[in-house]
Engineer: 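What follows is a single structure, and I will ask about it in a moment.
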Amino acid sequence: MGVESSRRRRPGPEAEERLPGGGCVTGRRRRSGRNMAAAAPPQRRRRRRAGAREGVGGRGQWGAGRPRVRRGGGGGRSGSGRGEAGGAMLCCRLAALGARRRLRPLGPAAGNLLQRWNVPIGLQMSRQVASSDVPGGKGSSSVFALIMGLSTLGAGVYVYKTLRENKERFTSRVTTITARSQENASSPSGAASRGSAAPEAHPEVPSHVPFLLIGGGTAAFAAARSIRARDPGARVLIVSEDPALPYMRPPLSKELWFSDDPNVTETLRFKQWNGKERSIYFQPPSFYVPARDLPFVENGGVAVLCGKKVVHMDVRGNMVKLSDGTQISYDKCLIATGGSPRNLPAIERAGKEVQQRLTLFRKVEDFKSLEKISRQVKSITVIGGGFLGSELACALGRRARTRGLEVIQLFPENGNMGKVLPEYLSNWTTEKVRREGVNVMPNAVVKSVSVSGNRLMIKLKDGRKVETDHIVAAVGLEPNVELAKSAGLEVDSDFGGFRVNAELQARSNIWVAGDAACFYDIKLGRRRVEHHDHAVVSGRLAGENMTGAAKPYWHQSMFWSDLGPDVGYEAIGLVDSTLPTVGVFAKATAKDTPKSATEQSGTGIRSESETEAEASEVPTSPSASPMPHVPKQGEDYGKGVVFYLRDKVVVGIVLWNIFNRMPIARKIIKDGEEHADLNEVAKLFNIHED
């Protein structure tokens with residue numbers, strides 16, 4: 001009893017050993033079952049081993065969730081009671097260790113999976129204990145099958161739901177397409193709408209263009225052609241206030257008036273002085289791309305929005321607004337707005353009835369209107385003695401001979417083109433215009449205009465009165481600079497127009513060309529020029545610079561005027577009658593006429609060939625030519641050269657009935673040298689050639 005009592009141990013604290021799946025087993029902290037078996041007698045050790053074998057073999061009898069087995073402490077027991085209790089404790093310990101070994105192969109994944117599914121801890125332990133006795137065997141397969149079954153079920157639900165939604169969308173789409181097809185088929189214009197579905201999808205006006213040209217005149221067209229020459233894939237949009245496609249203006253006051261075609265106002269085709277026929281339009285409509293298709297055509301192109309006006313320009317946002325509210329953004333922009341014809345203050349003060357009998361000559365519509373009026377009235381008065389006024393007076397004078405039309409021309413200067421030509425040449429020109437059947441009235445300043453009966457009464461400041469049926473005002477041009485205010489661009493206070501640098505830039509991505517550009521001439525200083533050739537040259541240079549050329553405006557543009565097919569002149573540089581001049585003339589021959597000049601150049605617009613030539617390409621005669629002479633008053637100035645001087649340097653040249661020699665004149669001005677004898681310089685123009 002004492003020995004047995006000494007072998008008994010005090011009940012110690014019980015320890016819980018946490019299983020990976022969340023279960024636990026209980027046992028002693030101080031000794032394991034193996035140590036206790038080693039301390040027991042051999043007989044008891046053998047019994048314990050047998051019990052352990054039974055426990056290992058009967059793993060299903062002991063569960064991790066079984067209530068804890070406590071040894072009794074306190075009073076004595078019989079030997080059989082103590083043995084049964086010790087054997088039961090040992091079996092409990094061994095069963096717990098076996099359960100631990102059996103559950104370990106499941107690893108943390110199985111336990112975590114059961115925990116994620118919120119399975120009660122007791123159920124988890126019961127499932128683990130109920131597993132097979134071989135790790136990775138039947139028990140593991142059951143858990144794996146459970147996981148796979150649930151996964152398969154979830155995948156099936158997802159696939160079913162997705163297919164159902166796709167079926168609904170497909171059914172809805174097919175129903176919509178069928179309804180549209182039936183609607184188009186029932187519409188009278190179904191076939192037409194189907195054939196033009198793609199173009200109609202594009203807006204009429206593109207929202208963005210790489211190159212935007214404001215203005216539809218000569219400068220804008222020259223720029224568009226230059227941009228396309230340097231960048232064949234460029235997309236260029238021209239926004240023009242004019243309802244017509246880009247056209248040339250010089251024939252409106254020259255060749256069109258000499259046409260024998262009674263439908264010339266409709267065809268707008270004319271015969272050049274060399275007999276060849278052409279249209280005033282630069283290109284036919286087929287040359288241009290529809291504006292709505294411009295962003296989508298493969299190789300780019302040029303599109304024109306006719307009858308549209310840009311009323312606002314946002315320079316910072318690279319955006320313009322049209323009169324109808326449409327907005328267009330751009331990468332680079334050219335302002336080529338040209339100008340509007342000036343009016344006389346005396347006419348502006350007159351009443352509405354006077355305004356209805358007034359033509360401010362500038363556009364195609366003005367030519368059509370004036371040509372019709374010239375067939376209906378008996379008298380037309382042209383106010384202005386410059387290029388346009390003198391050309392229109394000569395053109396109408398030719399018609400006066402056959403139709404009995406009275407043509408009157410009045411101006412404040414002493415003679416025709418008195419601001420450009422020296423006095424002796426201006427007086428000669430005036431007589432030439434009179435011989436064309438025009439009643440020329442120099443030194444005439446308009447004081448007032450009123451209606452007297454069915455006619456207009458023009459009162460001059462010197463007291464003279466002129467009665468007429470219609471008035472044509474040709475007194476100059478006012479550059480269109482309305483966009484300067486919204487764009488924040490500078491307007492030159494002396495010459496008018498947008499102030500630009502030598503590269504024709506007003507801003508880093510904004511250029512100006514044509515009549516509206518006040519540019520810096522690297523030879524002659526700041527200028528503004530209102531002539532066709534300047535529009536061609538400046539537009540072409542602006543287009544090159546818009547594509548990265550960065551060229552200065554060094555080219556001296558030329559201008560010309562024809563007083564019919566027999567007398568004409570070309571000029572370059574600063575031609576101002578207030579400057580000192582030197583004229584050298586010779587006797588004219590049959591080929592010294594505008595008609596002959598166009599026959600040699602092959603074009604009625606002489607600047608198109610002149611501006612492409614270089615001075616070195618023009619042959620000159622040997623210096624042994626006869627000495628030219630300075631004209632005397634009253635001589636018939638057949639042909640000659642007039643030099644305009646500033647500080648003894650030639651700054652302007654007029655070639656009177658001398659054609660195809662402009663490259664030489666351009667080179668003289670470009671050199672900027674002082675010449676001791678201008679008679680020698682005149683020999684370069686071969687004015688004595690037969």
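Just so it is clear, the values below take in all heavy atoms, side chains as well, and ignore hydrogens, waters and symmetry mates. We count residues from 1, following the sequence as given. In this text, all values refer to a predicted model and were calculated from it rather than measured experimentally.
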Engineer: Just jot down the salt bridge (Lys or Arg N to Asp or Glu O under 4.0 Å) partners of Lys419, sequence neighbours excluded, or say none.
Structural biologist: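 With neighbours one apart ignored, the set is Glu413.
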Engineer: Just checking, is any N or O donor in the side chain of Thr381 or His470 under 3.5 Å from an acceptor N or O on the other one?
Structural biologist: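 No.
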Engineer: Contact between Val472 and Leu392 at the side-chain level, heavy atoms closer than 4.5 Å - yes or no?
Structural biologist: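 Yes, side chains in contact.
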Engineer: Would you please say whether a donor-acceptor pair under 3.5 Å links the side chains of Tyr553 and Asn501?
Structural biologist: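 No donor-acceptor contact under 3.5 Å links the two side chains.
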Engineer: Could you tell me whether the side chain of Phe282 reaches within less than 4.5 Å of the side chain of Met248, counting heavy atoms only?
Structural biologist: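 Yes - at least one pair of side-chain heavy atoms lies under 4.5 Å apart.
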Engineer: Quick one: do Glu277 and Arg269 make a salt bridge, cutoff under 4.0 Å?
Structural biologist: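 Salt bridge flag = yes for Arg269 with Glu277.
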Engineer: Take atom NZ of Lys368 as the centre, draw a 6.0 Å sphere, and report whether it contains more than 12 heavy atoms from other residues, nucleotides or ligands.
Structural biologist: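 Result for NZ/Lys368: enclosed.
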Engineer: For Asp462, what residues pass the salt bridge (Lys or Arg N to Asp or Glu O under 4.0 Å) criterion, not counting sequence neighbours?
Structural biologist: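 Testing Asp462 for salt bridge (Lys or Arg N to Asp or Glu O under 4.0 Å), a comparison that skips the adjacent residues, returns Arg464.
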Engineer: Looking only at side-chain N and O atoms, does Asp242 offer a donor or acceptor that is under 3.5 Å from a partner on Ser240?
Structural biologist: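 Short answer, no.
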Engineer: Considering residues at least two apart in sequence or located in another chain, which fulfil the salt bridge (Lys or Arg N to Asp or Glu O under 4.0 Å) criterion with Glu503?
Structural biologist: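 Glu503: no salt bridge (Lys or Arg N to Asp or Glu O under 4.0 Å) contacts found.
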Engineer: Applying ring-ring contact (aromatic ring centres under 6.0 Å, His included), which residue pairs with at least one partner in residues 429-449 are found, sequence neighbours left out?
Structural biologist: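 Every candidate ring-ring contact (aromatic ring centres under 6.0 Å, His included) pair involving residues 429-449 fails, so no pair, neighbours aside, qualifies.
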Engineer: Going by the salt bridge (Lys or Arg N to Asp or Glu O under 4.0 Å) test, which pairs reach into residues 372-382, not counting sequence neighbours?
Structural biologist: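 Sorted pair list: Glu371-Arg375.
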Engineer: State, with a plain yes or no, whether a side-chain heavy atom of Glu436 is found less than 4.5 Å away from one of Arg434.
Structural biologist: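 Of all side-chain heavy-atom pairs linking Arg434 with Glu436, none is under 4.5 Å.
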Engineer: Is it true that the side chains of Asp366 and Thr359 contain a donor and an acceptor less than 3.5 Å apart?
Structural biologist: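 No pair is found: no donor N or O on one side chain lies under 3.5 Å from an acceptor on the other.
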Engineer: Would you say the ring centroid of Tyr247 lies under 6.0 angstrom from that of Phe221?
Structural biologist: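 No.
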Engineer: For Thr578 and Asp576: C-alpha separation, side-chain torsions, deciding distance, then whether side chain to side chain donor-acceptor pair (under 3.5 Å) applies.
Structural biologist: CA-CA 5 Å; Thr578 61; Asp576 187 343; 3.0 Å; yes
Engineer: Would you please name every residue forming a salt bridge (Lys or Arg N to Asp or Glu O under 4.0 Å) with Lys551, sequence neighbours left out?
Structural biologist: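 Listed in chain order: Glu544.
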Engineer: Is Arg249 salt-bridged to Asp533, going by a charged N under 4.0 Å from an acidic O?
Structural biologist: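 So Arg249 does not pair with Asp533 through a salt bridge.
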Engineer: Looking only at the aromatic ring of each residue, does the gap between the centers of Trp257 and Phe367 stay below 6.0 angstrom?
Structural biologist: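 Judged by ring-centre distance (under 6.0 Å), Phe367 and Trp257 do meet the cut-off.
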Engineer: So do Pro345 and Arg349 actually touch side chain to side chain, heavy atoms under 4.5 Å?
Structural biologist: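 Arg349 vs Pro345: side chains touch.
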Engineer: Charged N to carboxylate O under 4.0 angstrom, Asp469 versus Arg455?
Structural biologist: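 So Asp469 pairs with Arg455 through a salt bridge.
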Engineer: Judged by modelled atom types alone, do Ser561 and Glu391 share a side-chain donor-acceptor pair under 3.5 Å?
Structural biologist: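 Side-chain D/A pair, Ser561 to Glu391: present.
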Engineer: Please determine if Lys465 and Glu467 form a salt bridge, counting it only when a charged side-chain N lies under 4.0 Å from a carboxylate O.
Structural biologist: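 No, Lys465 and Glu467 are not salt-bridged.
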Engineer: Between His675 and Phe643, is the gap from one ring center to the other below 6.0 Å?
Structural biologist: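 His675 vs Phe643: aromatic centres not under 6.0 Å.
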